[in-house]
Amino acid sequence: MYVITADQVGSRREADRVPEVLTLLAGLRPARANPFERTAGDEIQGVTTDPADVLAVVGSLVRAERWRVGIGIGPVDLPLPDSPRAGRGPAFIAARTAVREAHPSPGQLAVRMGTTPELDSSSREVRERHTRYAESALLLYARLLRARTAEGWQVTDLLAAGVSQKEAATRLGISASAVSQRVRRSGWFEQAGAEALVCHHLSVADGRTDP
């Protein structure tokens with residue numbers, strides 16, 4: 001299971017952005033086990049069973065800017081309560097640790113694995129290693145997204161919706177070569193590889209995929 005905790009950076013100096021980002025996250029993916037909600041002050045939290053949800057949430061928070069993200073991996077107490085605020089278990093504790101340890105990180109993101117005493121030492125070592133790999137891959141993924149320009153987002157949003165480059169050129173009123181240049185500069189092709197890498201490491205870290 002994956003618990004995602006995020007808090008707003010600089011919330012004491014800025015307007016409350018929690019309602020805005022909760023609306024953004026509400027429409028992401030139907031597989032999420034618990035919807036995101038405000039847990040305390042400027043903090044939000046949600047729970048999911050799907051690595052792709054983690055990727056979608058992190059991407060949305062990076063694009064929204066001014067959010068610090070902590071991801072906890074591991075078991076949770078079942079059944080899950082309706083509200084993530086009432087959730088318990090190692091993944092919740094790990095998420096709390098992760099968001100705290102994301103504070104000094106330039107990437108404002110951390111991934112931690114929850115305590116799982118039932119694992120043998122070999123399995124634990126594998127999962128801990130892939131937890132570190134997942135964090136590294138997510139930090140690189142976040143950096144790629146932060147470097148994307150507004151023009152790059154115009155094109156990649158269309159491509160993500162299934163629009164061809166030719167049609168994107170028509171919709172944006174620019175040449176096909178201009179679209180091609182934007183695609184290359186945006187890191188669109190690198191993004192696909194990064195997403196696959198993140199999902200793989202998150203899956204292994206949670207014991208879902210053979211390493």
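Since the model is a prediction, treat every value here as computed from it, not as a measurement. Numbers here simply count residues along the sequence, with the first being 1.
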Joint cluster assignment, [X] & [Y], ILVMFWY side-chain distance < 4.5 Å:
X: V183; Y: W153; result: no
X: Y133; Y: L197; result: no
X: V99; Y: V9; result: no
X: V76; Y: I93; result: no
X: F189; Y: L158; result: yes

> Is there a side chain to side chain contact (heavy atoms under 4.5 Å, CB included) between V204 and R127 once you walk through the steps?
Replying inline: CA-CA 6 Å; V204 177; R127 292 201 194 180; 5.7 Å; no

Can you give me the closest heavy-atom contact between [X] and [Y], atom names plus distance?
X: A102; Y: A110; value: CB-N, 3.9 Å
X: G72; Y: A94; value: CA-CB, 3.8 Å
X: A98; Y: I71; value: CB-N, 3.5 Å
X: P35; Y: P84; value: O-CG, 3.7 Å
X: G74; Y: A91; value: O-CB, 3.5 Å
X: P51; Y: Y2; value: CG-OH, 3.4 Å

Inter-residue atom distance [X].[atom1] - [Y].[atom2], 0.5 Å rounding:
X: I4; Y: D53; atom1: CD1; atom2: CG; value: 7.5 Å
X: T39; Y: R96; atom1: OG1; atom2: CZ; value: 6.0 Å
X: T115; Y: M113; atom1: OG1; atom2: CE; value: 7.5 Å
X: I73; Y: L202; atom1: CD1; atom2: CG; value: 5.0 Å
X: Y141; Y: L109; atom1: OH; atom2: CG; value: 11.5 Å
X: R182; Y: T149; atom1: CZ; atom2: OG1; value: 7.5 Å

>> Check this for me: D82, atom CG, are more than 12 non-hydrogen atoms of other residues, nucleotides or ligands nearer than 6.0 Å?
In response: no

> Around R146, counting heavy atoms of other residues, nucleotides and ligands shown, do more than 12 lie under 6.0 Å from its CZ?
Replying inline: yes

> Would L140 and V198 count as a side chain to side chain contact (heavy atoms under 4.5 Å, CB included) if you check the C-alpha gap in whole Å, the side-chain angles of each, and the deciding distance to 0.1 Å?
Replying inline: CA-CA 10 Å; L140 291 171; V198 168; over 6 Å; no

Can you check whether [Y]'s main-chain N or O pairs, donor with acceptor, with [X]'s side chain at less than 3.5 Å?
X: D50; Y: A52; value: yes
X: T116; Y: E118; value: no
X: S105; Y: E101; value: no
X: R132; Y: V111; value: no
X: R38; Y: G41; value: yes
X: R148; Y: S186; value: yes
X: T156; Y: G152; value: yes

Is a side-chain donor-acceptor pair under 3.5 Å present for [Y] with [X]?
X: R68; Y: Q108; answer: yes
X: S180; Y: R184; answer: yes
X: T5; Y: Q45; answer: yes

>> Tell me every residue that passes salt bridge (charged side-chain N to carboxylate O under 4.0 Å, His left out) with R88, counting only those two or more places apart in sequence or in another chain.
In response: none

> What residues, two or more places apart in sequence or in another chain, satisfy salt bridge (charged side-chain N to carboxylate O under 4.0 Å, His left out) together with R124?
Replying inline: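 If we apply the salt bridge (charged side-chain N to carboxylate O under 4.0 Å, His left out) test to R124, skipping adjacent residues, the hits are E128.
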
Any side-chain heavy atom of [X] sitting closer than 4.5 Å to one from [Y]?
X: R17; Y: V21; answer: no
X: S203; Y: H200; answer: no
X: T49; Y: R208; answer: yes
X: D16; Y: P19; answer: yes
X: V179; Y: K166; answer: no
X: E37; Y: S83; answer: yes

> V47 and F92: side chain to side chain contact (heavy atoms under 4.5 Å, CB included), yes or no, with the steps?
Replying inline: CA-CA 9 Å; V47 185; F92 283 93; 3.6 Å; yes

>> Could you check whether D7 pairs with R100 (Lys NZ or Arg NE/NH1/NH2 to Asp/Glu carboxylate O, under 4.0 Å)?
In response: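 Salt bridge flag = no for R100 with D7.
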
> Is any side-chain N of the basic residue among R112 and E135 closer than 4.0 Å to the acidic one's carboxylate O?
Replying inline: yes

> When the ring planes of H130 and H201 are compared, do they come out parallel, tilted or perpendicular, using 30° and 60° as the limits?
Replying inline: tilted

> Going through the checks in order, is the side chain to side chain contact (heavy atoms under 4.5 Å, CB included) test met by V18 and W67?
Replying inline: CA-CA 10 Å; V18 168; W67 288 93; 3.8 Å; yes

Donor-acceptor contacts, no H, no angles, side chain residues 54-62, under 3.5 Å, sequence neighbours left out:
| residue | atom | partner | partner atom | Å |
| --- | --- | --- | --- | --- |
| S60 | OG | A56 | O | 3.0 |

